[in-house]
Amino acid sequence: MTKDDVKEFGDIRLERVREHVWEMPREGDMRVPARVLASEELLEQIRQDKTLEQLRNATHLPGMTKYAICMPDGHQGYGFPVGGVGATDTEEGCISPGSVGYDINCGVRMMRTNLTYDELKGNEEELVEALFANIPSGLGGGGIVESDVDTVDQVLSRGVDWALEHGHAVEADLAHCEDEGFRPDADPDAVSQKAKDRGKNQLGSLGSGNHFLEVQRVTDVFREDVATEFGLEEDQIVVLIHCGSRGLGHQVCTDYLRRIEKEHGDLLESLPDKELAAAPAGSDLAEEYYGAMCAAINFAWVNRQLIMHRTRRVFERVFGRDWEEMEMDLLYDVAHNIAKKEVHDVGGEERELFVHRKGATRAFPAGRPELPSAYRDVGQPIIIPGSMGAGSYVLRGGEHSLDLTFGSTAHGAGRTMSRTQAKNDYWGETVQEELRDQQKIYVKAQSGATIAEEAPGVYKDVDEVVRVSDELGIGDKVVRTFPVCNIKG
DNA sequence: ATGTCC
């Protein structure tokens, strides 16, 4: 090992295993080593906040298997880093709400169209206004569906099938969603009344922060054969939707963190950070949290489904054609804040694990039984949103993902500065005008502050994040897109 | 992320 193969950041030591793979050796009470998957450039950003310390803390969780992993877009989060993957044994391990995240099943879906950028050009203002007027966004209530608690119960237990029954989906939408838009382990009774009350008027709403809906055009195709399988080609218009489970998921996380802290204080005492609070596998609370989390996952899938279906109607009005004629079909929907029971090979043994992916995307390669038939032979589509000035990527689950990351890759570009800092450095209206005048990107938001907080300059280089994913073979580049219209909270 | 503290 040469000097360049070792990095010392305070008391944290990283050793280069090979290109883009850094290992934090096991020491003290760490149960396993940790790994950071990053280029030198991204590692230099990752080391700036508490990410590495949080990653080390995560290795203390009971039942942690192989290693705790930080993705190339990793940054500091609540307890467990955003961009973190941790797999714990479902019998001897634990489940940790902070390692899933507050926004349960925050995720991304992409819808294709058969429109080209040339056909859309000139209609950007009308389209962005129509989308903004018809798709609820921002903090607080107001959704596409104004429901009651009974309806919320149906959504929680049935997922996208509920949307299908009520005319907000077609069969093909279910077939092109992670888990077919339905987690059977959902237990609506484990979701508090308060959480349901928060969710009942938020079904079909974007929310705020980094959530958005973006019309994009495909600018680059890297793997022609896979792009063809995904129905993607250069100059095609696509729609990307990024949002989660709103107040409902947030309340589920809050409720269970509080209960777990109280009822499993002994486990809490053994952890280096109280924010990692976890329920031991097999305990009543672990079961309840898993059921509630799965219910919140279903809620988020319905949320994205309602927004997508409404988007079809908006396009119909703006372009004067039926959505079916514009072939507005769902490519795929991926979750990036989730914990799931999955079977993985660990040292030659098949084991069932809770795979916590917090700000990390499932990236299963061809052949995994969980994949829908459309993608079983090619690998799952992965959608990686970048900033509103940079564009996004579609990847394909890479052949090394099961070995390296429990079948996971990055989830986005990752912030480089706080929201407070961003508001000091940027002015929303200026950002909006520059995007329009210099890049022909039309942005409309509820609040100028949100535009400032989400200015392209506050994000890491999505190209660099994706390059690392591609070179490691965990998620392979398929196409790149560029923003056309963006609406947000 | 989030009715940005019950």
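Note on naming: letters A, B, ... go to the chains in the order of the sequence lines (proteins, then strands), and numbering restarts at 1 for each one. Computed from a predicted structure; not experimentally measured.
Among residues two or more places apart in sequence or in another chain, the salt bridge (Lys or Arg N to Asp or Glu O under 4.0 Å) test is passed with Arg313(A) by Glu316(A).
Using a 4.5 Å cut-off on side-chain heavy atoms (C-beta onward), Ile144(A) and Leu203(A) make no contact.
Computed from coordinates, the Asp103(A) CG to dT4(B) P distance equals 15 Å when rounded to whole Å. At whole-Å resolution of the value, CG in Leu257(A) and C1' in dC6(B) are 17 Å apart. A straight line from CG of Asn201(A) to C1' of dT2(B) spans 14 Å, rounded to a whole angstrom. One atom, NE2 of His250(A), and another, P of dC5(B), lie 9 Å apart when rounded to the nearest Å. Going from atom CZ of Arg419(A) over to atom P of dT2(B) covers 9 Å, rounded to whole Å. Atom-to-atom, CG of Asn105(A) to P of dT2(B) comes out at 13 Å; the value is rounded to the nearest Å. Atom NZ of Lys488(A) and atom C1' of dT2(B) are 16 Å apart (whole Å). The CZ-P distance, from Arg246(A) to dT2(B), rounds to 5 Å in whole Å.
Within 4.0 Å (heavy atoms only), Glu453(A) reaches no atom of the nucleic acid at all. Using a 4.0 Å heavy-atom distance criterion, Thr254(A) is classed as making no nucleic acid contact. Among the atoms of the strands shown, only primed sugar atoms or phosphate atoms (P, OP1, OP2) are found under 4.0 Å from some heavy atom of Gly247(A).
Side-chain N/O atoms of Arg31(A) and Tyr67(A) include no donor and acceptor closer than 3.5 Å.
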As a quick check of understanding, evaluate ring pair (Phe, Tyr, Trp, His ring centres under 6.0 Å) for Phe364(A) and Tyr375(A), giving each step before the final call.
CA-CA 10 Å; Phe364(A) 283 168; Tyr375(A) 304 126; over 10 Å; no
